[in-house]
There are 4 protein chains.
Amino acid sequence: MEEITTPRRVPAGAKAEQRIRDILRVSREVFAELGYERATTTEIAQRLGVSEATVFTYFHGKRALCVRVIEDWYDEIIDTFEQGMPRGQSARAQLAFYVKTHLQLFLIQGTGLCALVLSEGRAKGPDLGEVFVPLQRRYTAPLMDLLARGRENGEIRDDLPLSLMRSAILGPMEHILWDAIAREREVDIDKTASDMVALLWPALLPVNVEAEKLRAFYGEVGAALRKVEGA
Amino acid sequence: MEEITTPRRVPAGAKAEQRIRDILRVSREVFAELGYERATTTEIAQRLGVSEATVFTYFHGKRALCVRVIEDWYDEIIDTFEQGMPRGQSARAQLAFYVKTHLQLFLIQGTGLCALVLSEGRAKGPDLGEVFVPLQRRYTAPLMDLLARGRENGEIRDDLPLSLMRSAILGPMEHILWDAIAREREVDIDKTASDMVALLWPALLPVNVEAEKLRAFYGEVGAALRKVEGA
Amino acid sequence: MEEITTPRRVPAGAKAEQRIRDILRVSREVFAELGYERATTTEIAQRLGVSEATVFTYFHGKRALCVRVIEDWYDEIIDTFEQGMPRGQSARAQLAFYVKTHLQLFLIQGTGLCALVLSEGRAKGPDLGEVFVPLQRRYTAPLMDLLARGRENGEIRDDLPLSLMRSAILGPMEHILWDAIAREREVDIDKTASDMVALLWPALLPVNVEAEKLRAFYGEVGAALRKVEGA
Amino acid sequence: MEEITTPRRVPAGAKAEQRIRDILRVSREVFAELGYERATTTEIAQRLGVSEATVFTYFHGKRALCVRVIEDWYDEIIDTFEQGMPRGQSARAQLAFYVKTHLQLFLIQGTGLCALVLSEGRAKGPDLGEVFVPLQRRYTAPLMDLLARGRENGEIRDDLPLSLMRSAILGPMEHILWDAIAREREVDIDKTASDMVALLWPALLPVNVEAEKLRAFYGEVGAALRKVEGA
DNA sequence: CATGAATGAGACTTCATTCAT
DNA sequence: AATGAATGAAGTCTCATTCAT
């Protein structure tokens, strides 16, 4: 089915690489705006000011181009998380970073790509779908790690599967983003992010860390602190 | 714009109604599996074992057929919620009902329709989009009511917008469903539903401010400790 | 190609004849409004409040129905002329009757049928065309007779072919009618008819050869004069 | 309503222009032969020996193609009239030119386009109709001007509306042309044109230019002439 | 290398017509 | 006698893709 043949000869060189970047940039726009089916190679070529044939000189076809667009997008996101994640801080702080960054990335880039992945990734024929599974895994890895570390530290409850928690964090964000798009409303990213964390954090807390114990802990730490200060 | 032409003549009668039901059933399948763009009238007709012309005898066209499919689907869901919601019970019990029913409806029907609504509702030209807005409202109404009643009773926190809470409930469910589809894994609905409520319920509870602060303090001290240890 | 088979069995009887008349009446409307191609059997059936199948019970098909509509229309027109023509009076009076009646018939019935005949009669495949030739002959017969009689009496010139005169009378009327339709303007039939006769009658009079030459001379001298003056 | 979408990209270049001319040439034939509804893009493509897609590469669609065909045809006619009209000569000579040129243009090109305009221009939905109104005006302008100038000079009667005279000239020509087509008979253009003018001219003359006066005028001009010659 | 030009395959849709009931 | 229902055939149009230049 899927042609695996490479285009006659993909050009190489500095100029060629620039061309590839241009095509990818514009394709990302078009796929994001229109979705896979409604996007056309004509539209992409026209926005670039080149002929359709040129696009096909550098990419196998529409499908391959779309896959590449999505891969690149994932890579960017994953990089951003891996590099920025404040690993040393509390799980809550890490979550806050994750949520805010996520909202930023999606709202800036538009939710188009998000929708693209969600709807095209689901298409029956494993046309695009199978490409995404590993990407999805890498993409959610920072969150999963965050949760796992928090669980080890006792900061996060361990009575429920991590995958459920992941859904409880990613799901609302996607939902909010679509809502924002659908209503064409501006979103206050900072506020939304902090509200979201305020809402969800209690859901992640260990259920058995009770106020009583916390108070005792607080007292002891305070006492220890004063002891040091007094010394 | 909107075509007003009636199909040549929509038959009416017992046999005709059966045919309409058949077409709708199969169309729901096809749209759900393939999405709007990839679904074809040819496919629908073939699965039904009739000619394409027959489909067009009963529906104005692909678009109208799809709209009808979605409307019917929403109606089913809304009915189920409105009739089954245990209004007398606690907010938590009502939420449990909502979540479980939701998962059931979606998993039985497949998430295809959900994806259909989400991706087509977002399409550039508000071709299908505008049909959905009122449906969406009716569809989320039971949940919003539930939350509002809980808030009045003091069962649910009132320091965050309802819309955020709505997203925090619907979002995870959609996410789980897509995950289930993508991995083609069976889902234990009862367990997933109860886990989900166990996870989310604390997020909805009124905040005990003191406890909240203590928890934050606890988390940060722990993190500081680990930093020292790690260094 | 053209099926010559009769419909299974054309019903007969008083009720059947009424039905046929109804179908023809409505079909005439529809064909006149929409032209042959744009008219549909569905439209005809719907306006009648019967099923399409019923139409096919009484007529071979769309084509045959249209032919019959046109034949009937011609028959009406021909009858009107043959019965009303004031044969005893002067050629000019007869022409006046012919012109006025013609305008009346066409404007009342709409020019739709006229257009139908003109455009369908011309279609390449002699589908409808060949049916019309004899009708056209009968239809123009009253006019041709009128002219021939006038010529014998010396009331009408005999230096030009009759067919040309026929065109000079029928042509303008059709032109006026289309103009009226195109601009959706009301036409004052009496005035238009008398103007038309006033205009055309001199064209039909026997030529006074000498006067004619003098007139030509006068025109040319005048033109030459203006040329000099203009220079 | 009116689609604004451009074809994917209309090629521009020497070869492309040739192709466009070819498509227009063949389309003109097909529309002329069959009328708008019966003409098919398939037929056009087949006669050209290209795929249907090629036709759609150069034109938005059937409708646009037809509009262009008609516009071009009108332009040709209008140019011919505007350039060839012998403005300096007598009104009769100008009319003779107009009639003969008209017959030539129509008989060479076939009356198909004439019929196309007349029947499609009248179609219920003003699909094509509205395109024609301005063209019609430009097209009849030379004739109207001719008549107006003649009237000012006293060469043409002023007791009847110009529009009626226009119909009395254009109408017969169309009628003759259809007759020619319907009977598939050759037409002697020169003879028909001169006969037509001979027939119609008396209809346009001022009714009060009488033989007596003309004779006197003739005598005087003759005398003047001889005086000059004698000198 | 870039592209102008062409196209095969397939989409949605319409409608005259048939036939069992 | 009437019709409900179904459909074959055809039509317009779109788009990813190819290939010679």
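Here is the naming used below: chain letters follow the sequence lines, and residue numbers restart at 1 for every chain.
A cation-pi geometry, defined here as NZ or CZ lying under 6.0 Å from the six-membered ring centre and within 45° of its normal, does not hold between C:K62 and C:F31.
A salt bridge does not link D:R19 to D:D22: none of the charged side-chain nitrogens sits closer than 4.0 Å to a carboxylate oxygen.
Proximity note for A:R19 (side chain, C-beta onward) versus E:dA2, E:dT7, F:dC13: the nearest is E:dA2. Comparing E:dC15, F:dG8, E:dG8 against the side chain of B:S51 picks out F:dG8 as the nearest.
Atom CZ in B:F56 sits about 9 Å away from atom C1' in E:dA11, given to the nearest Å. Here E:dT14 presents its C1' atom at 12 Å from CD of B:E52, a figure rounded to the nearest Å. Computed from coordinates, the A:E37 CD to F:dA16 P distance equals 9 Å when rounded to whole Å. Rounded to whole Å, the distance from NE2 on B:H60 to P on E:dT13 is 11 Å. Here F:dT12 presents its P atom at 12 Å from CD of D:Q46, a figure rounded to the nearest Å. The CG atom of B:L34 sits 15 Å away from the C1' atom of E:dG10 (whole-angstrom rounding). One atom, CD of B:E43, and another, C1' of E:dG10, lie 14 Å apart when rounded to the nearest Å. Rounded to whole Å, the distance from CD on D:Q18 to C1' on E:dA6 is 16 Å.
Under the Watson-Crick or G-U wobble criterion, with both distances below 3.5 Å, E:dT7 is paired with F:dA16. F:dA10 and E:dT13 make up a base pair, with Watson-Crick or G-U wobble contacts both under 3.5 Å. Checking F:dT21 for Watson-Crick or G-U wobble geometry (two distances, each under 3.5 Å) identifies E:dA2 as its partner.
Considering only side-chain N and O atoms, A:T41 lies under 4.0 angstrom from the phosphate OP1 or OP2 of F:dA16. When the side-chain nitrogen and oxygen atoms of B:T54 are compared with OP1 and OP2 of F:dA6, none of them lie within a distance under 4.0 Å. OP1 or OP2 of E:dA6 has at least one side-chain nitrogen or oxygen of D:Y58 nearer than 4.0 Å.
Nucleic acid contact for B:K15: sugar-phosphate only, since backbone atoms but no base atoms lie under 4.0 Å from a heavy atom of the residue. At the heavy-atom level, D:A64 lies nowhere under 4.0 Å from the strands shown. Residue contacts shown for C:A16 are absent, as no nucleic acid heavy atom lies under 4.0 Å away. Residue A:A45 is out of contact with every strand shown, counting any heavy-atom pair closer than 4.0 Å.
In terms of heavy atoms, C:S27 sits closest to C:V69 at CB-CG2, 3.7 Å. Across all non-hydrogen atoms, the minimal contact from B:D72 to B:R28 is C-NH2, 3.9 Å.
Side-chain contact check for C:L65 versus C:T41: every heavy-atom pair is 4.5 Å or farther apart.
For B:E17 and B:A53, each mapped to the nucleotide of DNA chain F holding its nearest heavy atom, the one lying further toward the 5' end belongs to B:E17. The residue among B:K62 and D:V50 whose nearest nucleotide of DNA chain E is located toward the 5' end is D:V50. The 5' end of DNA chain E is approached more closely, in terms of each residue's nearest nucleotide, by B:T42 than by the other of C:A39 and B:T42.
Checked by atom type, the side-chain pair A:T57/A:T54 shows no donor-acceptor distance below 3.5 Å.
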